[in-house]
Amino acid sequence: MSDITRRGFAKLAGLVALRPATASAALGVPAETDVLRVAAEDRQFPKGFLWGTATASYQVEGAAKEDGRGESIWDTFSHTPGKVVSDANGDVADDHYHRYKQDVQLMKALGVKGYRFSISWPRVIPSGTGAPNPKGLDFYNRLVDELLANGIRPFATLYHWDLPQPLQDKGGGWESRDTAKAFADYAGYVASRLSDRVHDWFTMNEFWVFINLGYRFGVHAPGLKLSNARVNQAAHNAVLGHGLGVQAIRAHAKKPVRVGIADSTSISVPVMETPAHIAAAEHATRESNAQAMTVIREGKYTEKFLHDAGADAPKYTAEELKIISTPLDFIGLNTYTGSFVRSDPTKPEGYTTIDNPKSYPHMASPWLNVCPEALYWGSRIVTKLWGNKPIYITENGCSSSDIPDKDGKVYDTDRVMYLRNYLTQLRRAASEGLPVRGYFLWSLMDNFEWADGYTNRFGLHYVDYATQARTPKLSANYYHEVIARNSVV
Ligand code: GBH
């Protein structure tokens, strides 16, 4: 039983004892109001817990050709026929570049205290290296000022996959160490301009995803299908870019900053909560994140990874491992789902990751298996493996088929179900003293869902792309209540 639960029951027992004799008290049954009060306490988040929403530049901004913005690999990829559902692209997206004031008001109405957005590298440095484009940076100045004027704390991500196309053309993007250096220069420049007002920074979003979907499976930009060796090297260069970026942000900051990552750390969930299965999930989490969170936190690749990769292992120096593992101020976890793991003494690694049965429930996106426990186990295992650092859930949310009802409103009961279950697990983590400090719901509004185009909607607000009208869904009302009460509702 958690402390809060225990306190709740103690209080309830006291109330029952003190109350004048009523029929229910005589029977030893607590009155309805007492039950409700204890239940409410049981669902409460810690004081000061930061509720937020998240988006990313290419998915919402639009204005692809405005104010000197350069091209990114996602412009090229989405304009290549057959790569994105219905050949959609982010040229306009949510037109957030022009509508950001209205979108900040949507956040204010929700009551969020934090906004995680990303900065478009080609908007700020159109060629990837060299001359900055002050007009591009100015958009983020305006956005940050608008957020602060409305009491919303900006959390900036420097790389959410929109690599400047010239860096892809020159050195093959993350295949080149020069891209890691270029990223650090860009990160330092942005920090020097925004850190008087932005104190919270994430270098990159989801290493595994942009490397594997972009360079191994070819389903995201730049659409390549490279050998293991080349993919492993690209992954290494990306985490090197992260480490150099952390150092550059700190070196150029005008005020004290906090720096972290927003990683798609793959979370292994024990099939049941017994010591053997829990240990298996810990080992599995460490190994399955060998090329991102593990090397970033430990400063080394795991023996199993190096052994399995063999001749395909990346080439690196001890100095690079040190840079990659530069200590962070907080950890951001993008958690949508988890994988069930069981203890398996027949295997040298001691665990097996289970393939879910076909009937396992998922949301509108087929990959989005419902696994609320991932929020609890993610926080717990990351803390156990790598130490007690503030954790932010930098993304969580889901797609739903979201068809407006006759009254124009979307009643996304499945999204509310998803959120209630996930938040219950996050609250369990907080109540056990795990260092979870905030939660950014993906996403503020429907947007360009990468290779799925506009077919999968993740927003709290429904976007009518023909008119750009935003309408709060039932889930927006739900999230508003969660924030107002600082509680699962
Ligand atoms: C996050 O990716 C991203 O950070 C965010 O930009 C995105 O909009 C959001 O989640 C919702 O997807 O069809 O099998 O090739 C989460 C990782 C990336 C996982 C896309 C699923 C497609 C898998 N997702 N990926 S597949």
Side-chain angles (χ1 to χ4, degrees), residues 52-61 72-74 77-78 82-85 88-90 93-94 96 115-120 155-163 202-225 238 260-267 288-289 292-293 332-339 355-356 360 362-371 374-375 378 392-400 402 415 418-419 422 439-461 463 475:
T53 51
T55 65
S57 49
Y58 191 69
Q59 296 180 271
V60 299
E61 284 178 2
S72 86
I73 55 174
W74 268 97
F77 187 77
S78 64
K83 299 296 185 191
V84 173
V85 173
N89 58 59
D94 288 329
H96 176 67
Y115 178 45
R116 176 174 171 248
F117 62 96
S118 85
I119 291 168
S120 158
F155 286 70
T157 305
L158 286 157
Y159 186 71
H160 200 127
W161 309 350
D162 41 0
L163 187 80
F202 302 102
T203 53
M204 297 189 190
N205 185 70
E206 302 195 342
F207 298 91
W208 189 95
V209 176
F210 74 82
I211 292 298
N212 283 281
L213 301 194
Y215 291 78
R216 186 191 299 278
F217 303 123
V219 297
H220 277 194
L224 302 173
K225 293 184 181 167
I261 32 174
D263 186 45
S264 50
T265 307
S266 139
I267 305 301
S288 59
N289 295 288
M293 196 61 107
L333 300 176
N334 290 5
T335 306
Y336 289 87
T337 187
S339 308
D355 285 329
N356 283 327
Y360 196 93
H362 62 79
M363 303 306 291
S365 307
W367 56 271
L368 217 173
N369 288 328
V370 179
C371 185
L375 279 187
Y392 287 85
I393 302 303
T394 32
E395 286 182 30
N396 172 247
C398 67
S399 48
S400 158
D402 285 353
R415 182 174 285 107
Y418 175 102
L419 293 173
Y422 276 69
Y439 171 93
F440 294 88
L441 202 155
W442 185 275
S443 178
L444 172 65
M445 55 193 164
D446 298 336
N447 57 50
F448 178 73
E449 177 57 12
W450 307 115
D452 291 340
Y454 296 97
T455 55
N456 270 320
R457 294 174 176 270
F458 276 79
L460 291 173
H461 294 88
V463 175
S475 55

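Below, all heavy atoms of this structure are taken into account, side chains as well, without hydrogens, waters or symmetry copies. Counting starts at 1 for both ligands and their atoms, following the listed order.
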Original post:
At the 4.0 Å heavy-atom cut-off, does W161 count as touching ligand 1?
Top reply: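 It does; at least one heavy atom falls under 4.0 Å.
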
**OP:** Please determine if N447 has a nitrogen or oxygen closer than 3.5 Å to a nitrogen or oxygen of ligand 1.
**Re:**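 Min N/O separation from ligand 1 is not below 3.5 Å for N447.
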
Original post:
So is there a nitrogen or oxygen of E206 less than 3.5 Å from a nitrogen or oxygen in ligand 1?
Top reply: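 So ligand 1 has an N or O lying under 3.5 Å from an N or O of E206.
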
**OP:** Could you tell me which residues satisfy side-chain contact (heavy atoms from CB on, under 4.5 Å) with A93, sequence neighbours excluded, listed by chain and number?
**Re:**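 Applying side-chain contact (heavy atoms from CB on, under 4.5 Å) to A93 gives Y454.
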
Subject >> Those residues that, when tested against F117, pass ring-ring contact (aromatic ring centres under 6.0 Å, His included) (two or more places apart) >> reply: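 If we apply the ring-ring contact (aromatic ring centres under 6.0 Å, His included) test to F117, skipping adjacent residues, the hits are Y115.
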
Original post:
For ligand 1, is any non-hydrogen atom under 4.0 Å from D452's backbone (N, CA, C, O), its side chain (CB onward), both, or neither?
Top reply: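 Neither; no heavy atom under 4.0 Å.
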
Original post:
Is ligand 1 under 4.0 Å from a heavy atom in the side chain of L213, in the backbone, in both, or in neither?
Top reply: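 The side chain, only.
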
Subject >> Y58, W367, F217: member with heavy atom nearest to atom 21 (C) of ligand 1 >> reply: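 Looking at heavy atoms only, the winner is W367.
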
Original post:
Protein heavy-atom contact under 4.0 Å for atom 26 (S) of ligand 1?
Top reply: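 Neighbour list for atom 26 (S) of ligand 1 is empty of protein heavy atoms (cut-off 4.0 Å).
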
Original post:
Within the structure, does at least one protein heavy atom fall under 4.0 Å of atom 14 (O) of ligand 1?
Top reply: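 So far as the 4.0 Å threshold goes, atom 14 (O) of ligand 1 is out of reach of every protein heavy atom.
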
Original post:
Quick one: does Y418's side chain have a donor or acceptor within less than 3.5 Å of a partner on G397's backbone?
Top reply: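 Here the side-chain-to-backbone pair exists.
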
Subject >> Side-chain donor-acceptor contact under 3.5 Å, Y360 with D355 >> reply: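 No, because no side-chain N or O of Y360 sits under 3.5 Å from a partner of the opposite role on D355.
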
